[in-house]
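Computed from a prediction, not measured in an experiment: that's the story for all the values here. So that the names make sense, note that chain A is the first sequence line, chain B the second, and so on, each numbered from 1.
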Number of protein chains: 2
Amino acid sequence: MSKENKRVSEAVIRRMPKYYRYLKEMKASGIKRISSRELSKKMGLTASQIRQDFNCFGGFGQQGYGYNVEELCDEIQKILGLHKEYNMIVIGAGNLGQALANYSGFEQEGFNIKALFDINPRLVGISIRGIPILDIDHIEGFLSQCEVHIAAICTPKKTAQEMVDRLIECGVKAIWNFAPIDVNAPDDVVVENVHLSDTLYTISLRMNEDYN
Amino acid sequence: MSKENKRVSEAVIRRMPKYYRYLKEMKASGIKRISSRELSKKMGLTASQIRQDFNCFGGFGQQGYGYNVEELCDEIQKILGLHKEYNMIVIGAGNLGQALANYSGFEQEGFNIKALFDINPRLVGISIRGIPILDIDHIEGFLSQCEVHIAAICTPKKTAQEMVDRLIECGVKAIWNFAPIDVNAPDDVVVENVHLSDTLYTISLRMNEDYN
DNA sequence: TAGATTGTTAATCGATTAACAATC
DNA sequence: TAGATTGTTAATCGATTAACAATC
C-alpha cells in the first residue's frame, strides 16, 4: 500500500497520530478543506514536511485547492489501521490497567478490551465497565478461546518480560508495554515501550536552562 | 554546564533516560565498569552514538578502561536533574491520576506529589498513600502556599488547556500533559505532551506489514 | 610496554526544507 | 484564464556512523 513500497521512516510514523488528532478535531468542527500551509501553522510543522509526510502514503490533495479534511482524515485513519477492530487485553489491573479499561477513546477507534488479568485475588472477579478482571493463571486458556491482537502490560517491572514471553507463546502479536523496562520480542511481534517516567525525566532535564 | 555551551539535540535528550535506566540496573546488580561497546550491545545502539551522546555533557570515561558504572550513572542522574527535589501536583484524580500518585518510583527520584485536585466531590477529601485529593477550586490558594514545580494534567481533553492556563498564571513552570490534546504554554514553561493513544495507534500502523 | 577504549574529527546517511513545474 | 496549492525533485541541514589519534 505504501507508495512505491518504500519503507516509511520512524519519524513519519510518529507524526501520523498527531495529524489524525488535528484532522479529527477539524472534521468534527465542520472544517471542509485545509491547505498544507494552514495545517502547518496549526500544528507547528512546515508545509513542506506535511506534504512530504502525506506523500509517503499517496497523493491525497488537489492542486490549487488543498486537502479535503474528511477525506484526508479517513485516509490517515486507514494508514493507522483504525478502520479495523482489535481485541485487546490488559495485564495488571492496578490503577494504570484500570485507567486503560475506563478510557472509552480506545474502543471508539476499534480497540476492544476483552479482559484484564491480575494476580491479586481481591481484584479477580470484579468488572470495570463490564470488562472482567480474570486470574492471571487463566491467561493461556483465555487466549486459546479468544483471538487477542494486542496486550497492554501494566505489571511491575519484574514480571513484565515473563508475561510478554507467555503472551507471545500464545500467539499475541503486539505488546504495549508500560512497565519501566524495555521488553523484548521476536521480530514479527510489534513492541511499543512507553516509559512514562522517561518523559518526566526529560522535563526535569529541560528545567535546567543550560540545555535549552 | 553542557560542553562548549552547544545546545543538546532533542534526539540526545530523549535517549538520556534510557541510559539512566540501564546504568541504574547495572549499578544495582554490582557491575563496576562498562565499555561503550558492551553498553551498545545491551541497549541496541552503536558504540559511536553512545560516546557522542555522553560527550555532549562531558568526558565521563577513561581511555583503555571504559566507564565506571556508578560514576556514569550519577553523572546522568545529574544531567536529568534527578539529584534535585521537585514538588508536583496532579490535576484530575481519576484512575490515571491515582496511578501516578500510587507509583513510588517518582518519589524515589525526587518528584514529590503534594496533592491531587479534582472536581468530583466524591473524590475530594480522600487520600492516596497519604496524598490528599483537594477541590480544584482551591488550586490557586494551594499554589500560593506551596511552590509547585511540575503539574501533571490527567483531566479530560476539554478542560486541559484551561487548567494549564490557570496553573501557569500561578507560576507553575512545567506541565506533564496526559490529556489527548497538545497543550500550549509560554516559552519559559516546559511542556511534555504524552499522548498514550498516539503510541497505541503506531502499534496498529505497524501491524500493517506494508509499512515495515 | 602492549592492548584497549575513549574523545573527537571526518564521512556518510537520512530527514527536513526550499523550490518549482504540474495542474486543479 | 489567473491564482492557488499540490506533488516531487533538488538543496540543505543535522544526526549517525566510521575512523583514528590520544591516552589510560
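For Ile50(B) and dT5(C), the CD1 to P distance is 14 Å, given to the nearest whole Å. Rounded to whole Å, the distance from CG on Asn55(A) to P on dT17(C) is 16 Å. Atom CG in Leu72(A) sits roughly 10 Å away from atom P in dG7(D) (whole-Å rounding). The CZ atom of Arg33(B) sits 11 Å away from the C1' atom of dC24(D) (whole-angstrom rounding). Atom CZ in Phe60(B) sits about 12 Å away from atom C1' in dG7(C), given to the nearest Å. Summarising the geometry, the separation between CG on Asp53(B) and C1' on dG14(D) is reported as 14 Å, rounded to the nearest angstrom. The distance from atom CG of Leu45(A) to atom P of dT16(C) is 10 Å, rounded to the nearest whole Å. One atom, CD of Gln49(B), and another, C1' of dA19(D), lie 17 Å apart when rounded to the nearest Å.
Look at Thr46(A) and you won't find any side-chain N or O under 4.0 angstrom from OP1 or OP2 of dT16(C). Note on Arg51(A): every side-chain N or O is 4.0 Å or more away from OP1 and OP2 of dT16(C). Between Tyr67(B) and dG7(C), a side-chain N or O to OP1/OP2 separation shorter than 4.0 Å is present. Taking 4.0 angstrom as the limit, Arg15(B) places a side-chain polar atom (N or O) nearer than this to OP1 or OP2 of dT16(D). Remark: Tyr65(B) is not in phosphate contact with dG7(C), judged by side-chain N or O atoms under 4.0 Å from OP1 or OP2.
A salt bridge does not link Lys173(B) with Glu147(B): none of the charged nitrogens is closer than 4.0 Å to a carboxylate oxygen. Taking 4.0 Å as the cut-off between side-chain N and carboxylate O, Lys24(B) and Glu109(B) count as a salt-bridged pair. Using a cut-off of 4.0 Å between Lys/Arg side-chain N and Asp/Glu carboxylate O, Glu38(B) and Lys42(B) are scored as not salt-bridged.
Each of dC24(D), dT6(C), dC24(C) was ranked by its minimum atom distance to the side chain of Gln62(B); first place goes to dC24(D).
In the interface, the side chain of Ser48(A) is paired with the base of dA18(C) through a donor and an acceptor atom under 3.5 Å apart. Side-chain to base pairing of Gln52(A) with dT17(C): one donor and one acceptor N or O lie within less than 3.5 Å of each other.
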Intermediate values then yes/no, side chain to side chain contact (heavy atoms under 4.5 Å, CB included), Arg129(B) and Tyr103(B): CA-CA 10 Å; Arg129(B) 288 203 314 144; Tyr103(B) 183 58; over 6 Å; no
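With sequence neighbours left out, the side chain to side chain contact (heavy atoms under 4.5 Å, CB included) criterion links Asn112(A) to Glu85(A), Asn87(A), Glu107(A), Lys114(A).
Pairing partner, dC20(C): dG7(D), with both Watson-Crick or wobble hydrogen-bond distances short of 3.5 Å. Here dC13(C) sits opposite dG14(D) as a Watson-Crick or G-U wobble pair (both hydrogen-bonding atom distances under 3.5 Å).
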